[in-house]
Amino acid sequence: MRIGFFDSGVGGITVLHEALCQLPAENYIYYADTKNVPYGTKSKEEVREYILQAVDFMAGEGIKALVVACNTATSIAINELRRKYSFPILGMEPAVKPAVENNCNRRVLVVATPLTLQEEKYKNLVTKLGHAHIIDGVALPELVGFAENYVFDEQIILAYLNEKLGCFNLKDYGTVVLGCTHFPFYKKVFQKLFPVDTDIVDGNKGTINYLKKILTDNKLSTDEGLGGRIVFYSSGQKEPDDCRYNNYLKIIKP
Ligand code: DGL
């Protein structure tokens, strides 16, 4: 059986890429809700409906585990999904905890979608850590659109980030947390903008480490020979031509 990866669009490809590296023997279904992307600027109720529909479809295709490779979808529906389905479901949240712990008291900048930052799940996470005074959150919704439209021109991205982050003293930040799975595509651009000793982190490695553990603990790891096959779906339609998604997989490669 395959492992499902779900995102509003191409962001989850950054997480799938990590899975292909760490779990090459597994096979995958990737579902991008291309009809409804972006999620991060829509209402919670609307996004919840989209998620339930997409995961229902994936469950029907037969998956042994699901990675909700989307911070926004996780904050809206992860508990509901876990109640509904019996297979293991992993979510993603901005990696604020390790950022605060390894940060030597410098400031932490969390960049994510508007919906992720306004949700209770994120607010509780920050409050629980007890370091709210050093954590700043900035919504960067247009970065999702850039990734969806395959805009990787460094000058365009730098201009956008400069405009959005211009009022912050970037030297103050020890860590930037990429709290949206679309953002790791632009990791190098973030690194250019911030001092060299600022860490730009995402939750992708941690999520796949955890996926590995969940598969082992539940005796779900595959023992078949042929792995690394991916079937791509765009809002319920099987992609006859995987070219678009494979291009994204290529650019995330170091
Ligand atoms: N990739 C998603 C996330 O991690 C959401 C992007 C969007 O659809 O707005 O939050």
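Atoms within each ligand, like the ligands themselves, are counted from 1 in listed order.
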- Message: Test of understanding: with side-chain contact (heavy atoms from CB on, under 4.5 Å), list the residues that count as partners of K187, not counting sequence neighbours.
- Response: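 Partners of K187 under the side-chain contact (heavy atoms from CB on, under 4.5 Å) test: L178, I200, D202.
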- Please identify each residue that fulfils side-chain contact (heavy atoms from CB on, under 4.5 Å) with Y150, with sequence neighbours left out. F152, N247, Y248, I251
- Residues, nucleotides or ligands: over 12 heavy atoms within 6.0 Å of K123 NZ: yes
- Task: Might you confirm whether atom NZ of K97 has over 12 heavy atoms from other residues, nucleotides or ligands at distances under 6.0 Å?
- Result: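 No.
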- Item | Co-members of V196 in a cluster of I, L, V, M, F, W and Y side chains, linked at under 4.5 Å | none
- Please check if any side-chain donor atom of N71 sits under 3.5 Å from a side-chain acceptor atom of T116, or the reverse.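 There is no such pair (donor and acceptor under 3.5 Å, judged by atom type) between the side chains of N71 and T116.
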- Query: Which protein residues have a heavy atom under 4.0 Å from ligand 1?
  - Reply: D7, S8, V37, P38, Y39, G40, C70, N71, T72, T113, V144, C180, T181, H182
